[in-house]
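Heads up: the structure comes next, in structure tokens.
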There are 4 protein chains.
Amino acid sequence: MPTSTTRPLASRRSESSRVAILDAALSLCREKGYAKVSIEAIAARAGVGKQTIYRWWPSKASVVLEALEGVAARVPTADTGDVMADMRARLAQVIELYADERFGPHLGALIGEAQHDPALRADLLERYLRPRRADALQRLQLAREEGQLPGTVNLDDLADVIFGAVYHRLLLRNGPLDKAYAHFVIDTVLASCVTRPRRPRTRTTSRTGRPAATR
Amino acid sequence: MPTSTTRPLASRRSESSRVAILDAALSLCREKGYAKVSIEAIAARAGVGKQTIYRWWPSKASVVLEALEGVAARVPTADTGDVMADMRARLAQVIELYADERFGPHLGALIGEAQHDPALRADLLERYLRPRRADALQRLQLAREEGQLPGTVNLDDLADVIFGAVYHRLLLRNGPLDKAYAHFVIDTVLASCVTRPRRPRTRTTSRTGRPAATR
Amino acid sequence: MPTSTTRPLASRRSESSRVAILDAALSLCREKGYAKVSIEAIAARAGVGKQTIYRWWPSKASVVLEALEGVAARVPTADTGDVMADMRARLAQVIELYADERFGPHLGALIGEAQHDPALRADLLERYLRPRRADALQRLQLAREEGQLPGTVNLDDLADVIFGAVYHRLLLRNGPLDKAYAHFVIDTVLASCVTRPRRPRTRTTSRTGRPAATR
Amino acid sequence: MPTSTTRPLASRRSESSRVAILDAALSLCREKGYAKVSIEAIAARAGVGKQTIYRWWPSKASVVLEALEGVAARVPTADTGDVMADMRARLAQVIELYADERFGPHLGALIGEAQHDPALRADLLERYLRPRRADALQRLQLAREEGQLPGTVNLDDLADVIFGAVYHRLLLRNGPLDKAYAHFVIDTVLASCVTRPRRPRTRTTSRTGRPAATR
DNA sequence: GAATAACCGAGACGGTACGTCGCGTCTTACG
DNA sequence: CGTAAGACGCGACGTACCGTCTCGGTTATTC
């Protein structure tokens, strides 16, 4: 236990204001769209001074990012032993979230904003995209350990191809973003790599989906 | 035909102003980045009244889009008979353009702006992304006609997976955008589809295709 | 005739906005007092953008100064031949204006503001105080020319003593600012200087109150 | 008696904070001018919490007023028997203080602030202006008692005329504020009143300068 | 000599207004 | 009529301070 039994001490930040700001940001985004939301409006709706926002966040985008973080439930990490099926299921869930009008457009706007805000891009990658990517990566690594994927394939690149397909449809809207597309992506991208579709019988896995013996 | 078909030929529009505006827009983008360029600044640098911009373009993004059009040369559409090799080459060229500091970031910014500007999104798709995609699609269709790709595969989805991989790296910067990535993408995505790597000897190509020999 | 027959050319300034701003400034001053008036409030009441105020005036004080200028009627320049009586009458009129709740406090506030705004002080002196002082000075000079005041007295200093007495009561409110005070000031300050109370019989004056022969 | 009578002796108020605040206020005034000094800046420079200032003073002006009190030495009250000479000397000393760049401008600023702060005006009059005026008034009263001034003259008004002349030059800067002006003011204003320049031989005065018999 | 309460520093808070920027529209004079 | 120029109403920016309000920490009585 790193801290003493008393409160953290090191911050008199108001939790109620923080929550009010995130709520206001999210509701305004949903009402008027990210681009038409101003920090002034967020502050006004949250019943908060503008300075309180500027004190804790560097930009409107950063506020919305944090608000979106609270919304996005972590995709459950299915692990049935069949890497193709698992990835299909996971990608379908990601797509379901991104296709949601209450979420996808705002994420798109943040990516748009990140084009001229390197700090936001870093934040977005670190706090949003990489964690989700990491879940997928983990499943792919497991598959590789189990011999379902050849050791030669670059899993980072592989993950980018998979997610790239999704973000393309999110950002450009050039075609439907649905479960069928998820299946297509996995079938197309993974099929060429997967050498053996299913986990070998001899392995046993722990509850967490990670091979018990390897840890 | 000196002017494009989108502007009426009988217009009394000043060509010198149009060029000055596009030049100013591009140079300002390169100096300060798309986001920090304002219509006021473009007008000032171009020595033009603001109204002259508003008269002919709906938004800053539209001006920049037109300016970028002048920059982007059309990728030569290689056709060697080997669909994998051809696609690798084409994608490598697209990537080369997008990795160019004088082009990629501005395209990224336009895609960002398109997130809250449906008209821009349509324009961007129509004038920019789809033409490039169409080149690729055409080559894939040719390959299908030649039996190198099964008739069941959805080529639209396939193209989106391929381009999605590229835009992902352009927009998120999560990994290098280079020729190696182009190769990886094609190898991974196409490999699972391609049934026969090379054009059959017995085939002759239609006149719509671009057989290497006809040029 | 310095300019051509067409309009001044050299200003597209909106007269209606100018008037609206001055009106708004004055009415707000009267409602809430100078100190509680903000440029934002003036702009809002005038139905004008803030920039329009900042474009033409350097500060709130400058706006109010111009507004007050429109209010202050020039004191009629009595000239009866009796310098003491004339000055008493003039000073009484100045005092009447300054004792007016709709005027005096705002002038006081401007003098207050001028304490940390040299440009305003210069403006205030040039456009407000000196013109009024000049009227008094002129009458005193006339009296001197007519031999009612000795040539040795410094009329500038004399005027400052007279006006100083008034501004003291305006700014410090240490005693009533009324006609009796005006009389007292003139009686006390001028009495010691005036050698002969009335204009000599032999002189004739023009309608303007200036001795005809001296010009 | 270490503390003033205005603060309760039993107070646990920190004297060191009080001094630090007054020092900070004064030095900031001299560096940036009264108007650009904020309570925040005073607190920061004094190494003091803002609340400590708000607890003991009602406004920035009040702090500065107290700080200035420490600077202004009381003018010695000359009494030579010659009321004109005495007043000249006293006024010259007042003027010397007000002409001091380290004092006059701040006093001017306080008078300016007092235009919209009645409490400050009262405080300023009570603690600053009236004490000085009282010194002069006392000397004039003595002169009247000694028959040098007629009983009919309103000494309050007379004092305001004299001081008004000084404040006019302090606040409006319309002419030099120097010893010559002091002499001119007294010569002009008092000359008309004084019936006999010097104290009659038959009177005796106590060493305090006040007529022994009247107390 | 511990309890306790006033005062302290620090600084976050809800606000108001600042002065600036850029928007998209409108007006004017010129070619 | 299209143009260069730029004023206009407007909205938002990010900053500065306002005066209030907790927070612990310190200090000087009071029990």
Side-chain angles (χ1 to χ4, degrees), chain A residues 6-18 20 36-44 46-56 58-60, chain B residues 11-18 20 36-44 46-60, chain C residues 6-18 20 36-44 46-56 58-60, chain D residues 10-18 20 36-44 46-56 58-60:
Chain A
T6 58
R7 286 206 316 99
L9 297 174
S11 176
R12 285 199 285 280
R13 180 172 184 181
S14 160
E15 178 65 12
S16 66
S17 290
R18 189 186 141 267
K36 294 196 171 172
V37 173
S38 67
I39 288 192
E40 298 227 344
I42 295 173
V48 138
K50 282 201 288 177
Q51 196 59 53
T52 300
I53 298 181
Y54 285 110
R55 198 167 1 241
W56 302 110
S59 63
K60 174 182 72 163
Chain B
S11 167
R12 292 169 61 178
R13 177 177 186 180
S14 159
E15 178 65 11
S16 67
S17 288
R18 187 184 144 268
K36 293 194 172 175
V37 174
S38 66
I39 288 191
E40 301 229 348
I42 295 173
V48 137
K50 285 200 293 175
Q51 195 62 268
T52 302
I53 298 181
Y54 284 110
R55 209 179 339 256
W56 302 109
W57 288 276
S59 65
K60 174 181 73 160
Chain C
T6 57
R7 284 206 319 100
L9 298 173
S11 175
R12 287 199 285 281
R13 179 173 185 181
S14 160
E15 178 65 12
S16 65
S17 289
R18 189 186 141 267
K36 293 197 172 173
V37 174
S38 67
I39 287 192
E40 298 228 343
I42 295 173
V48 138
K50 281 201 290 177
Q51 196 59 55
T52 300
I53 298 181
Y54 284 110
R55 204 175 346 251
W56 303 109
S59 63
K60 175 181 73 162
Chain D
S11 167
R12 292 168 60 177
R13 177 176 185 180
S14 159
E15 178 65 11
S16 67
S17 288
R18 186 184 145 269
K36 293 194 172 175
V37 174
S38 65
I39 288 191
E40 301 229 347
I42 295 172
V48 137
K50 285 200 293 175
Q51 195 64 269
T52 302
I53 299 182
Y54 284 110
R55 210 184 334 258
W56 302 109
S59 65
K60 174 182 73 161

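Proteins come first, then strands; the chains are lettered A, B, ... in the order of their sequence lines, and each starts at number 1.
- Checking the phosphate oxygens (OP1, OP2) of F:dG9, a side-chain nitrogen or oxygen of C:T52 falls inside 4.0 Å.
- If you check distances only, the side chain of C:K50 does reach the base of E:dG19 with a donor-acceptor pair under 3.5 Å.
- Residues A:K60 and A:I42 share a closest heavy-atom pair of CG-CD1, 4.4 Å.
- The CZ-C1' distance, from A:R12 to F:dG24, rounds to 8 Å in whole Å.
- Looking at the side chain of B:I39, the nearest of the listed nucleotides E:dC23, E:dC8, E:dC18 is E:dC23.
- Comparing F:dA16, E:dA10, E:dC8 by their nearest atom to the side chain of D:S14 picks out E:dC8.
- The interatomic distance linking A:K36 (NZ) with E:dC23 (P) rounds to 16 Å, in whole Å.
- At least one side-chain nitrogen or oxygen of A:R55 sits closer than 4.0 Å to the OP1 or OP2 atom of E:dC13.
- As a whole-Å value, the separation of D:Q51 CD from F:dC18 C1' is 12 Å.
- For D:Y54 and F:dT22, the OH to P distance is 17 Å, given to the nearest whole Å.
- Atom CD1 of A:I42 and atom P of F:dA12 are 12 Å apart (whole Å).
- Of all the heavy atoms in C:A20 and C:A46, the pair that sits closest is O-CB, 3.5 Å.
- If you check F:dC10, F:dT15, E:dG9 against the side chain of D:V48, the one that comes closest is E:dG9.
- Looking at which nucleotide of DNA chain E each of D:G47 and C:S38 is closest to, the 5′-most match is held by D:G47.
- The side chain of B:S17 contributes no N or O atom lying less than 4.0 Å from OP1 or OP2 of F:dG2.
- Summarising the geometry, the separation between CD on B:E40 and P on F:dA7 is reported as 11 Å, rounded to the nearest angstrom.
- Contact annotation: D:W56 reaches the phosphate of E:dC8 (side-chain N/O to OP1 or OP2, under 4.0 Å).
- Atom pair D:R13:CZ and F:dT27:P shows a separation of 19 Å (rounding to whole Å applied).
- Across all their heavy atoms, B:V48 and B:I53 have their closest contact at CG1-CG1, 4.2 Å.
- Residues A:W56 and A:R18 form no side-chain contact, since every pair of their non-hydrogen atoms from C-beta on lies 4.5 Å or further apart.
- Between the P atom of F:dT3 and the CD1 atom of B:I53 lies a distance of 11 Å, rounded to the nearest Å.
- Nearest-nucleotide positions on DNA chain F place C:A46 closer to the 5' end than the other of C:A46 and A:K60.
- Here the shortest heavy-atom pairing between A:T52 and A:S17 reads CG2-CB, 4.4 Å.
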